[in-house]
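Down below is the structure, laid out as structure tokens.
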Amino acid sequence: MSTISTYIKNDLAARLRTGRALPASLTLDALAHHYDVSFTPVRHAIAELVDEGLLKKGANRRLTPAKLPKIAEADAKPSESGATSLPEPPQDPYDGPYEGIVDDLVQQSLQGDAIYLREEATAEKYGISRSAIRHIFHRLAGEGMLNHIPRHGWQVRPFRQSDLEAFIDVREVLELKALELSRDQLCSDDLQRMLEANTQSSSSPTAPPRIDESLHSYLIDASQNVYIREFFERQGRYYRLLFEWEDRDRSTALETARQHREILTALLEQNWTKARNELSHHIRDHHPVFSQIAQAVKAGQKQATNGGQQP
């Protein structure tokens, strides 16, 4: 953890000292999402940056960059700025297998069955050590994808369409409330950065679009409502994995980026009614892949039932 925490701190410090754009909003959720880590190393990095005077924590506990004289990279001394070029992320030996395992487990979860996994067999399947698979399983348990059942092992969380619909119902109410509460806290520079981060790639018309999901955590954090924040920290991680998997579908990803731009443009224009309507639409009506999966599962269940009734 100390390695990734140090990397996060040094990356943010280099950006703050040289006036570079920050990679995400200064919230735990947005930074954890960007660096693909839990909240713990982000908290450590932020605490050190506050102690060193690079970040300030306001009375409302919102983080803001300290006002520093910009240091040009060519002129900065190591003693003044530490590493002025952006540091390379530490090599995580689990990153390679992690992505493939997540992809497989999401698809297993979407089948709706509570599948049990054995560490030894799974490690052998992916060609890694048992300690490595245990590390990945603990990480996925923190994301809500796996449950550890004493004396039984690891169980893949089964996807339920009814659970998704219930989550979306609550999510819509809380995010719209967060939008209402955050109006006076929104920063146009932050909104503009997020707008520019949701774009179609200019390198190729067939390349996947850039998607920045930090708008949601930005609104939640800006609402300054601890109960809204705790709901998403506890309940949102599993669905975030599913939504990221869904966005691998190119048409879905393009629509996600477009809807983000609509919401952000309305916020920049302070058109609160449009922003509310666009956010509501984005939350409630943008899961075509899951709808297709639910229909396929129902069709399969119906076929199995009909087949069992035949002599």
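Scanning both residues, Ser5 and Pro41, for their nearest heavy atoms gives OG-O, 3.3 Å. Across every non-hydrogen atom of Ala14 and Leu86, the tightest pair is CB-CD2, 3.9 Å. Between Ala24 and His34, the closest heavy-atom pair is CB-CB, 4.0 Å. The two residues Ala114 and Pro158 make their nearest non-hydrogen contact at N-CB, 4.0 Å. When all heavy atoms are compared, the tightest approach of Arg261 to Thr199 is NH1-CA, 4.0 Å. Nearest heavy-atom pair, Ala257 versus Asn198, reported as atom, atom and distance to 0.1 Å: O-CB, 3.9 Å.
Under a 3.5 Å cut-off, the side chain of Thr265 and the backbone N or O of Glu262 do not form any donor-acceptor pair.
To the nearest 0.5 Å, the span separating SG on Cys187 from CG on Leu267 amounts to 12.5 Å. Remark: Lys9 NZ to Leu54 CG distance equals 8.0 Å, nearest 0.5 Å. Taking OG from Ser214 and CD1 from Ile220, the interatomic distance works out to 11.0 Å, rounded to the nearest 0.5 Å. Separating the CG atom in Leu191 from the CG atom in Leu264 is a distance of 6.0 Å, to the nearest 0.5 Å. To the nearest 0.5 Å, the span separating CD on Glu230 from CG on Leu174 amounts to 12.0 Å. Atom OG of Ser25 sits about 4.5 Å away from atom CZ of Arg193, to the nearest 0.5 Å.
A 4.5 Å side-chain heavy-atom check between Ile8 and Leu31 finds every atom pair outside the cut-off. In this structure the side chain of Leu186 reaches within 4.5 angstrom of the side chain of Leu219, judged on heavy atoms. Taking the side chain as every heavy atom from C-beta outward, Asn10 and Tyr7 never approach each other to under 4.5 Å. Side-chain contact between Asp113 and Val156 is absent, with no heavy atoms from C-beta onward closer than 4.5 Å. Looking at heavy atoms from C-beta onward, His260 lies in side-chain contact with His216 at the 4.5 angstrom threshold. Residues Met145 and Arg237 fail the side-chain proximity criterion, which asks for heavy atoms closer than 4.5 Å. No side-chain heavy atom of Leu26 sits under 4.5 Å from any side-chain heavy atom of Thr64. Taking the side chain as every heavy atom from C-beta outward, Val106 and Phe159 never approach each other to under 4.5 Å.
Hydrophobic clustering (ILVMFWY, side-chain heavy atoms < 4.5 Å, transitive): Leu254 and Leu215 are in distinct clusters. A continuous path of ILVMFWY side-chain contacts below 4.5 Å connects Leu279 to Val170, so both sit in one hydrophobic cluster. Follow the hydrophobic side-chain contacts under 4.5 Å out from Tyr239 and you reach Val102 in the same cluster. A single hydrophobic cluster is not seen to contain both Ile149 and Leu105; linkage of ILVMFWY side chains at heavy-atom distances under 4.5 Å, directly or through other members, places them apart. Phe243 and Ile211 fall into different hydrophobic clusters, where Ile, Leu, Val, Met, Phe, Trp and Tyr are joined by side-chain heavy atoms under 4.5 Å apart, directly or via other members.
The side chain to side chain donor-acceptor pair (under 3.5 Å) pairs that include a residue from residues 266-280 are Glu172-Ser280, where partners are two or more places apart or lie in different chains.
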Q: Would you sort out whether Gln155 and Leu117 count as a side-chain contact (heavy atoms from CB on, under 4.5 Å), showing the intermediate values?
A: CA-CA 6 Å; Gln155 183 187 61; Leu117 303 174; over 6 Å; no
Q: Could you check Asn225 against Ser223 for side chain to side chain donor-acceptor pair (under 3.5 Å), going step by step and ending with a plain yes or no?
A: CA-CA 5 Å; Asn225 186 302; Ser223 74; 5.7 Å; no
Q. Where do Thr256 and Asp247 land on the side chain to side chain donor-acceptor pair (under 3.5 Å) test, with the steps shown first?
A. CA-CA 8 Å; Thr256 297; Asp247 279 338; 2.9 Å; yes
Q. Could you go step by step and tell me if Thr122 and Phe137 meet the side-chain contact (heavy atoms from CB on, under 4.5 Å) rule?
A. CA-CA 10 Å; Thr122 308; Phe137 279 2; 3.7 Å; yes
Q: Go through the steps for Gln259 and Glu255 under the test side chain to side chain donor-acceptor pair (under 3.5 Å), then give the verdict.
A: CA-CA 6 Å; Gln259 290 182 9; Glu255 182 62 11; 2.8 Å; yes
Q) Can you list the steps and then say if Arg62 with Lys57 is a side-chain contact (heavy atoms from CB on, under 4.5 Å)? A) CA-CA 6 Å; Arg62 185 177 180 185; Lys57 188 175 289 187; over 6 Å; no
Q. Can you check side-chain contact (heavy atoms from CB on, under 4.5 Å) on Leu181 and Lys177, steps first, answer last?
A. CA-CA 6 Å; Leu181 295 173; Lys177 184 63 177 178; 4.1 Å; yes
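Below 30°, between 30° and 60°, or above 60°: for His138 and Trp154 the angle between ring planes is above 60°, a perpendicular geometry. The aromatic rings of Phe231 and Phe167 lie parallel to each other, with less than 30° between the two planes, well short of the 60° mark.
No hydrogens or angles considered: nothing links the side chains of Gln111 and Gln107 as a donor-acceptor pair under 3.5 Å.
Remark: Arg157 qualifies as a cation-pi partner of Tyr238 under the 6.0 Å distance and 45° angle criteria applied to the six-membered ring.
Looking at Val50, Leu49, Thr27 one by one, the single match for side chain to side chain contact (heavy atoms under 4.5 Å, CB included) with Leu63 turns out to be Val50. Tested against Arg20, the residues Leu22, Leu16, Thr18 include a single side chain to side chain contact (heavy atoms under 4.5 Å, CB included) partner, Thr18.
The local environment of CD in Glu52 is crowded, with over 12 non-hydrogen atoms from other residues, nucleotides or ligands closer than 6.0 Å.
With sequence neighbours excluded, the residues forming a side chain to side chain donor-acceptor pair (under 3.5 Å) with Arg248 are Asp103, listed by chain and number.
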